[in-house]
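To keep things clear, I will list the structure first and then write my remarks on it.
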Amino acid sequence: EVQLMESGGDSVEAGGSLRLSCTASGLTFDDKAMGWFRQAPGKEREGVACISWSGAIRYYADSVKGRFTISRDDAKNMVYLQMTSLQPEDTAMYYCAARGLCDKYTTVVRDSFTDWGQGTQVTVSS
């Protein structure tokens with residue numbers, strides 16, 4: 001019954017911008033956070049950003065701080081990731097996740113999320 005679906009991934013040139021969207025169904029957004037994660041080839045999945053149910057608390061990975069912005073629209077059951085100044089190092093499969101803990105990223109935070117989307121590919125050319 002719980003379902004998350006990402007969209008917005010694409011191929012862009014370095015320095016470009018992209019906005020990812022995640023549509024959620026079968027979830028309530030008043031108790032747990034949502035987050036964005038990414039996984040590059042040969043790497044473990046890592047946290048990018050997370051946001052609390054109210055939007056008052058947000059955390060970003062150091063590698064994306066100042067470039068990416070996470071937001072949510074509970075009325076539409078959606079969460080977004082606005083990405084600017086994209087670099088080749090940002091190339092990865094990006095995943096939306098729900099019902100986890102929003103804090104400074106660790107693998108504990110990653111493993112706290114119980115619901116995941118299928119991912120959307122972001123490719124940044126040099």
Hey, does [Y] have a side-chain heavy atom less than 4.5 Å from the side chain of [X]?
X: Arg38; Y: Asp90; answer: yes
X: Leu4; Y: Cys22; answer: yes
X: Leu27; Y: Asn77; answer: no
X: Asp62; Y: Tyr105; answer: no
X: Tyr80; Y: Ile70; answer: no
X: Leu20; Y: Glu6; answer: no
X: Leu86; Y: Leu18; answer: yes
X: Gln118; Y: Met5; answer: no

Side-chain ([X]) to main-chain ([Y]) donor-acceptor, under 3.5 angstrom:
X: Arg19; Y: Gly8; answer: no
X: Gln87; Y: Ser85; answer: yes
X: Arg99; Y: Asp115; answer: no
X: Tyr95; Y: Gly35; answer: no
X: Thr120; Y: Gly9; answer: yes

Test log, rule side-chain contact (heavy atoms from CB on, under 4.5 Å), inputs Thr84 and Phe68
CA-CA 6 Å; Thr84 63; Phe68 291 9; 5.6 Å; no
Can you tell me how far [atom2] of [Y] sits from [atom1] of [X], rounded to the nearest 0.5 angstrom?
X: Gln39; Y: Tyr94; atom1: CD; atom2: OH; value: 12.0 Å
X: Thr123; Y: Met93; atom1: OG1; atom2: CE; value: 8.5 Å
X: Lys104; Y: Cys50; atom1: NZ; atom2: SG; value: 12.0 Å

Could you go through the side-chain contact (heavy atoms from CB on, under 4.5 Å) check for Tyr60 and Thr69 one step at a time?
CA-CA 8 Å; Tyr60 296 93; Thr69 302; 3.8 Å; yes
Applying a strict under-4.5 Å side-chain criterion to I, L, V, M, F, W and Y, I'd like to know whether [X] and [Y] cluster together.
X: Ile57; Y: Trp36; value: no
X: Val48; Y: Val122; value: yes
X: Val12; Y: Leu81; value: yes

Closest heavy-atom pair and its distance - [X], [Y]:
X: Ser17; Y: Gln82; value: CB-NE2, 4.2 Å
X: Arg72; Y: Ser52; value: NH1-O, 2.9 Å
X: Ile51; Y: Cys102; value: N-SG, 3.5 Å
X: Ala92; Y: Ala40; value: CB-N, 3.8 Å

For this output row, return yes or no: ring centroids of Phe37 and Phe113 closer than 6.0 angstrom.
yes
Below 4.0 angstrom, N of the basic side chain to O of the carboxylate: do Glu46 and Arg110 qualify?
no
